[in-house]
Amino acid sequence: MGTDTLDSTTPPRVSMVMPVHNGARWLGEAIDSVLAQDFADFELILVDDASRDESPAIMAAAAAHDQRVRLLQLDTNVGLPAALNAGFALARGAFHSWTSDDNLLRPQMLGRLVATLDAHPEADIAHAAFTLIDEHGTELGQSKAGPVERLLLGNNIGACFLYRARVTQALGGYDVDLFGVEDYDFWLRAARQFAFVTLDEDLYLYRKHGGSLTNQRGDVIQALTAQIVERALPDTLPPRRRSEILLGLVLRSHWRWRGDLVLRAFQADPWHVASRLPTLTRWWVIVARNRITS
């Protein structure tokens with residue numbers, strides 16, 4: 001698959017994975033934000049997903065500079081979910097997390113999340129709020145995390161998280177067929193058997209920019225989101241709740257009218273769908289216009 005540089009010291013408490021594919025623009029800043037953590041007992045596993053820009057040189061320099069940095073170089077581009085799985089296959093820590101090459105950790109992130117899980121032995125996953133920034137680093141606003149009870153309505157776990165290694169092992173990692181929603185699918189599956197704890201602190205900076213996956217693959221991501229949410233709906237879910245969730249998926253699809261989801265929502269609760277007809281009609285017009293102008 002590739003090569004890995006490994007420091008054979010005592011295993012760290014935290015394994016942080018950062019998959020990278022042609023991410024040189026913000027990569028150095030992203031790596032520095034991990035290395036600047038006030039909690040130092042971690043390893044940073046950089047997974048070079050066959051980058052062709054300056055990323056390999058930036059990652060190699062980081063690995064040479066700090067013994068906590070490990071570098072895994074993949075021979076071929078495998079995509080984000082598979083790159084994550086390759087990184088976590090090497091992880092030695094009792095806690096796992098991952099970040100992107102364009103995002104930033106606040107200095108206290110790992111320390112606060114480790115302390116939260118240490119204080120809540122009954123929980124396996126901790127997550128926290130984060131701030132949205134633009135390509136220049138300007139703050140755009142804060143995004144709250146949780147609660148997990150509303151996870152079926154959207155991925156509210158967010159971008160700032162830490163979980164015990166047994167979560168990775170039990171779930172078998174990330175689904176390589178769900179590129180773009182692999183994290184949401186991971187949380188939906190985790191919620192069936194693991195407990196979450198939400199930390200009401202801003203510990204992360206999430207960068208929104210034109211090259212992000214969300215912008216590049218919006219239509220595909222929305223379709224995959226509908227697929228994994230519908231699959232996760234429990235049989236015991238009340239009809240009204242099922243209808244609400246399905247219509248919520250319809251109203252998040254900006255480029256494709258999901259009449260199939262409207263039909264299944266109607267089958268679950270006809271009266272609820274009837275009450276939302278004005279909203280659904282307006283949304284159908286918006287989707288139609290988007291398709292015409294795209």
Side-chain angles (χ1 to χ4, degrees), residues 81 125 127 129 132 141-159 161 167 170-172 174-198 200 206 208 212-294:
I125 302 161
H127 62 127
L132 297 171
Q142 189 181 99
S143 181
K144 295 289 188 180
V148 70
E149 290 77 17
R150 295 182 61 81
L151 184 57
L152 286 169
L153 295 173
N155 184 6
N156 61 8
I157 303 305
F161 48 79
V167 178
L171 300 184
Y174 293 85
D175 191 328
V176 298
D177 294 324
L178 295 175
F179 183 27
V181 296
E182 65 286 320
D183 55 339
Y184 192 13
D185 170 71
F186 188 86
W187 303 131
L188 287 169
R189 290 187 287 131
R192 298 171 189 165
Q193 54 183 304
F194 296 108
F196 290 69
V197 58
T198 302
D200 188 21
Y206 181 90
K208 298 277 288 184
S212 66
L213 288 175
T214 304
N215 286 335
Q216 291 180 337
R217 305 179 69 244
D219 189 26
V220 173
I221 288 174
Q222 287 169 355
L224 289 174
T225 297
Q227 173 186 319
I228 62 174
V229 169
E230 193 168 12
R231 183 174 65 193
L233 295 177
D235 294 336
T236 56
L237 197 67
R240 176 61 177 267
R241 185 67 169 166
R242 180 180 296 272
S243 181
E244 290 175 345
I245 292 170
L246 291 173
L247 287 190
L249 291 169
V250 173
L251 297 176
R252 292 210 300 270
S253 181
H254 297 269
W255 303 102
R256 183 184 309 171
W257 176 248
R258 295 302 305 269
D260 55 329
L261 294 178
V262 176
L263 176 59
R264 288 197 281 280
F266 181 83
Q267 292 170 338
D269 189 332
W271 295 110
H272 177 246
V273 174
S275 71
R276 300 300 304 276
L277 280 179
T279 300
L280 290 169
T281 301
R282 287 194 298 270
W283 198 254
W284 181 87
V285 172
I286 291 173
V287 172
R289 287 175 178 170
N290 285 342
R291 294 185 67 85
I292 290 172
T293 57
S294 63

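Because the structure is a prediction, the values reported are computed rather than measured.
Scanning all heavy atoms of the two residues, the minimum distance from P81 to D175 falls at CB-O, 3.5 Å. Shortest non-hydrogen contact noted between A129 and A145 is N-CB, 4.0 Å. Residues R252 and L153 approach most closely at NH1-O, 2.8 Å, considering heavy atoms. The shortest non-hydrogen separation linking V181 to L224 is CG2-CB, 3.6 Å. Scanning both residues, A223 and R258, for their nearest heavy atoms gives CA-NH1, 4.2 Å. When all heavy atoms are compared, the tightest approach of L247 to A265 is CD2-CB, 3.7 Å.
Side-chain N or O atoms of E182 include one that pairs as donor or acceptor with a backbone N or O of G180 at under 3.5 Å. Using modelled atom types, one side-chain atom of Y184 and one backbone atom of G154 make a donor-acceptor pair closer than 3.5 Å. Put simply, the side chain of W283 gets close to the backbone of V250: a donor and an acceptor are under 3.5 Å apart. Without hydrogens or angle criteria, R189 side chain to A232 main chain gives no donor-acceptor distance under 3.5 Å. Not one N or O on the side chain of E230 forms a donor-acceptor pair closer than 3.5 Å with the backbone of L246.
Surrounding CZ of F194 are more than 12 heavy atoms belonging to other residues, nucleotides or ligands, all under 6.0 Å away. By the 6.0 Å contact criterion, CZ on R150 is open, its count of non-hydrogen atoms from other residues, nucleotides or ligands being 12 or less.
The distance from atom CZ of R231 to atom CG of L188, rounded to the nearest 0.5 Å, is 8.5 Å. The CG atom of L152 sits 10.0 Å away from atom CD1 of I228, with the distance rounded to the nearest 0.5 Å. The line from CZ of R192 to CG of L151 is 10.5 Å long, rounded to the nearest 0.5 Å. Going from atom CG of D185 over to atom CZ of F179 covers 14.5 Å, rounded to the nearest 0.5 Å.
By the 30° and 60° cut-offs, the orientation of the rings of F196 relative to H127 is perpendicular.
Annotation: side chain of D260 is not in contact with side chain of L263 (no heavy-atom distance under 4.5 Å). Using a 4.5 Å heavy-atom threshold, the side chains of W187 and V148 count as separate. Taking 4.5 Å as the limit, some side-chain heavy atom of V167 sits within range of a side-chain heavy atom of F186.
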Practice prompt. Could you walk me through whether Q222 and L249 pass side chain to side chain contact (heavy atoms under 4.5 Å, CB included), step by step?
Written response: CA-CA 8 Å; Q222 287 169 355; L249 291 169; over 6 Å; no
Side-chain donor-acceptor pairs under 3.5 Å in residues 272-281, sequence neighbours left out?
{"residue": "H272", "atom": "ND1", "partner": "S243", "partner atom": "OG", "Å": "2.9"}
{"residue": "S275", "atom": "OG", "partner": "H272", "partner atom": "O", "Å": "2.6"}
{"residue": "T279", "atom": "OG1", "partner": "R282", "partner atom": "NH2", "Å": "3.4"}
{"residue": "T281", "atom": "OG1", "partner": "L277", "partner atom": "O", "Å": "2.8"}

